[in-house]
Amino acid sequence: YLMNVSLDGFVNTPDGSVDWTVVDEELHSWFNDETARTDAFLYGRRLHEVMAYWQTSDEDPNATPAMLEFGRIWRQRPKIVFSSTLPAPEPADPAANTRVVRTDPVAELARLQDEIPGDLSVGGPSLAAEFVRRDLVDVYRLVVHPVVLGAGTPFWPALDRPRNLRLFERREFGSGAVELGYERA
C-alpha cells in the first residue's frame with residue numbers, strides 16, 4: 001500500500017485535491033523504480049481516475065523526463081480497478097491494460113495472487129482499507145510530505161486492533177518529503 005500522505009495522515013484534502021504534494025524529479029524517479037518493481041496495480045475508482053493522466057502523459061509537452069518514464073512503465077503494468085460504477089474499458093483498446101472488477105476485493109485478491117506472480121500494489125485509501133482491516137497488506141510505503149492538511153481522506157482506516165509494523169526503509173528527498181517503508185512485524 002503506497003501513497004503520498006500529509007504529516008497528519010491524509011492522502012488528499014476534503015475536496016479531493018492532491019496539489020499539496022511536491023513530486024520533483026528526484027521523488028518521481030523513486031516512484032519510477034517502485035513502479036518498475038510492481039507486477040500489477042489494484043485501484044479504487046477515484047485513484048484510477050486520478051491515474052488516468054498517465055495513459056496519455058507522453059502527449060503532454062510539459063512532461064519531464066521522469067514523468068515520461070513513469071508513464072511508459074505504468075502503461076505496461078496491468079491495472080485492476082474495483083468499482084461498481086465505472087464502465088468496463090473498451091476491449092478494442094488493449095493499451096489501457098485495465099480491467100474493471102465488480103466482485104468483493106478481498107475474494108478477488110486471492111484469485112489475483114494466483115494469476116499474477118509477484119508484487120501487487122494497492123492504491124486508494126478506500127480500497128486499501130478493505131485489505132488493511134483484514135491484515136492482508138505486507139508492506140506499507142508512505143511518502144510523507146511536509147504539510148499539515150487538518151482534514152481529508154485518511155491513509156489509515158479505523159482498526160479493531162493495533163498492527164505492529166517494522167521500519168525497513170527510510171529515505172529523505174530534497175523536496176522535504178520522507179519515504180517510510182514498513183512491513184508486518
Legend entry - Asp15 side chain to Ser17 side chain, donor-acceptor N/O pair below 3.5 angstrom: no
Inset, instruction - Among residues two or more places apart or on two chains, list those pairs meeting salt bridge (Lys or Arg N to Asp or Glu O under 4.0 Å) that have a residue in residues 115-125. - result: Arg99-Glu115, Arg111-Glu115
Legend entry - Main-chain N/O of Ser29 paired to Glu69 side chain as donor or acceptor, under 3.5 Å: no
Legend entry - Whether Arg102 side chain and Val100 backbone form a donor-acceptor pair below 3.5 Å: no
Legend entry - From CG (Leu2) to OG (Ser121), nearest 0.5 Å: 5.5 Å
Inset, instruction - Treating Ile, Leu, Val, Met, Phe, Trp and Tyr as nodes and any side-chain heavy-atom pair under 4.5 angstrom as an edge, say whether Trp30 and Phe70 lie in one connected cluster. - result: yes
Inset, instruction - Tell me, please, which residues at least two apart from Pro157 pass side chain to side chain contact (heavy atoms under 4.5 Å, CB included). - result: Ala129, Val132, Arg133, Leu159
Legend entry - Cluster link Tyr43 to Val18, ILVMFWY, side chain under 4.5 Å: no
Inset, instruction - Give the minimum heavy-atom separation between Asn32 and Ala66, together with the two atoms involved. - result: ND2-O, 3.1 Å
Legend entry - All pairs passing salt bridge (Lys or Arg N to Asp or Glu O under 4.0 Å) where residues 27-36 contributes a residue, at least two apart: Glu34-Arg37, Glu34-Arg141
Inset, instruction - Taking all non-hydrogen atoms of both residues into account, name the closest pair between Glu26 and Ser175 and its distance. - result: OE1-N, 4.5 Å
Inset, instruction - Could you tell me the separation between the CG atom of Asn97 and the CD1 atom of Ile80, rounded to the nearest 0.5 Å? - result: 8.5 Å
Inset, instruction - Heavy atoms only: give me the nearest Leu149-Asn12 pair and the separation to one decimal. - result: CD1-O, 3.7 Å
Legend entry - Which atom of Trp20 lies closest to which atom of Val11, heavy atoms considered: CZ2-O, 3.3 Å
Inset, instruction - Kindly compute the distance separating CG (Asn164) from CZ (Arg184), expressed to the nearest 0.5 Å. - result: 12.0 Å
Inset, instruction - May I ask whether Leu27 and Met3 are part of the same hydrophobic cluster, defined by side-chain heavy atoms of I, L, V, M, F, W, Y residues being less than 4.5 angstrom apart, directly or through others? - result: no
Legend entry - Where Thr153 and Pro125 come nearest, the two heavy atoms and their spacing: CG2-CG, 3.4 Å
Legend entry - By ring pair (Phe, Tyr, Trp, His ring centres under 6.0 Å) - contacts of His48 (at least two apart): none
Legend entry - Aromatic Trp54 / basic Lys79 pairing, under 6.0 angstrom, 45° off normal: no
Legend entry - ring pair (Phe, Tyr, Trp, His ring centres under 6.0 Å) involving Phe155 - partner list, sequence neighbours excluded: Tyr1
Inset, instruction - Nearest 0.5 Å please: distance from the CD atom of Glu59 over to the CG atom of Leu68. - result: 11.0 Å
Legend entry - Interatomic spacing from CG in Leu42 to CG in Leu109 - rounded to 0.5 Å: 6.5 Å
Inset, instruction - List in chain and number order the residues that pass side-chain hydrogen bond (donor to acceptor under 3.5 Å, both in side chains) with Ser83, two or more places apart in sequence or in another chain; answer none if no residue qualifies. - result: Thr85
Inset, instruction - Report the distance from atom OG1 of Thr64 to atom CD of Glu25, rounding to the nearest 0.5 Å. - result: 3.5 Å
Inset, instruction - Report yes or no: do Ile116 and Val106 belong to one cluster of Ile/Leu/Val/Met/Phe/Trp/Tyr joined by side chain heavy-atom distances under 4.5 Å? - result: yes
Legend entry - By ring pair (Phe, Tyr, Trp, His ring centres under 6.0 Å) - contacts of Tyr140 (at least two apart): Trp156
Legend entry - Set of side chain to side chain contact (heavy atoms under 4.5 Å, CB included) partners for Val50, sequence neighbours left out: Leu47
Inset, instruction - Would you mind listing the cluster partners of Phe168? Hydrophobic ones only (ILVMFWY), side-chain contacts under 4.5 Å, chaining allowed. - result: Val139
Inset, instruction - Measure across Pro146 and Ala177 and return the closest heavy-atom pair with its distance rounded to 0.1 Å. - result: CD-N, 4.0 Å
Inset, instruction - Scan residues 44-53 for pairs that pass salt bridge (Lys or Arg N to Asp or Glu O under 4.0 Å), counting only residues two or more places apart or in two chains. - result: Arg45-Glu49
Legend entry - Residue pair Val147, Leu7: steps toward the side chain to side chain contact (heavy atoms under 4.5 Å, CB included) verdict: CA-CA 6 Å; Val147 62; Leu7 278 172; over 6 Å; no
Inset, instruction - Name all pairs fulfilling the salt bridge (Lys or Arg N to Asp or Glu O under 4.0 Å) condition that reach into residues 144-156, sequence neighbours left out, sorted by first residue then second. - result: none
Inset, instruction - List in chain and number order the residues that pass side chain to side chain contact (heavy atoms under 4.5 Å, CB included) with Arg77, two or more places apart in sequence or in another chain; answer none if no residue qualifies. - result: Ala36, Phe41, Ile73
